[in-house]
Amino acid sequence: MTEQTAETYAASFDTNVLVRCLSMKHELRVMLPQGSGSIVNVSFGPYGSVGAAGASRLCGQQTCDEGLTKSAALEVAGTEFG
């Protein structure tokens, strides 16, 4: 972690977390009006909840991915879709 820079984190998160967020945004825009659909996001095992030495960027991304997925599900749960 001490060898990472703001640039390495930004590049990694822009590539992985931002893409996941924008993908779900547009998937939900299609799914909500049609009233059905599924989003399946896959993460690397327990990295998002447990962490791993030497993998701070990956663990951070996985935590974000899991939180984004859960939050999106909760946001649409109260709609006709949910």
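As a basis for the values below, the full set of heavy atoms in this structure was taken, side chains included, without hydrogen atoms, waters or symmetry mates. Values in this document were obtained by computation on a predicted structure and should not be read as measured data.
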- Query: Can Met1 and Tyr9 be said to form a side-chain contact (heavy atoms from CB on, under 4.5 Å), step by step?
  - Reply: CA-CA 10 Å; Met1 182 158 196; Tyr9 275 109; 3.7 Å; yes

- Item | Derivation of the side-chain contact (heavy atoms from CB on, under 4.5 Å) call for Thr69 and Ile39 | CA-CA 9 Å; Thr69 301; Ile39 297 174; 5.9 Å; no

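Contact detail for Phe13 and Gly60: the closest heavy-atom pair is CZ-C, 3.7 Å. Nearest heavy atoms, Cys59 versus Ala52: SG-N, 3.2 Å. Summarising the geometry of Gly37 relative to Met31, their closest heavy-atom pair is C-CE, 3.3 Å, with the distance given to 0.1 Å. Annotation for Leu28 and Pro33: closest pair O-CD, 4.1 Å, computed over non-hydrogen atoms.
From Glu75, atom CD reaches atom CG of Leu32 across 10.0 Å, with rounding to the nearest 0.5 Å. With rounding to the nearest 0.5 Å, the separation of OG in Ser23 from CG in Leu18 is 9.0 Å. Taken to the nearest 0.5 Å, the CD atom of Glu66 stands 5.5 Å off from the OG atom of Ser49. In this structure, Glu3 CD and Ser56 OG are separated by 10.5 Å, a value rounded to the nearest 0.5 Å.
Listed for the Thr8 side chain is a donor-acceptor partner under 3.5 Å among the backbone atoms of Thr5.
In this structure, Thr15 has no side-chain contact (heavy atoms from CB on, under 4.5 Å) partners at least two apart in sequence or on a different chain.
Taking Ile, Leu, Val, Met, Phe, Trp and Tyr as hydrophobic and joining them when side-chain heavy atoms fall under 4.5 Å apart, one finds Val40 in a cluster with Val42.
Residue pairs that meet the salt bridge (charged side-chain N to carboxylate O under 4.0 Å, His left out) test with at least one member in residues 17-34, sequence neighbours left out, are Arg20-Asp65.
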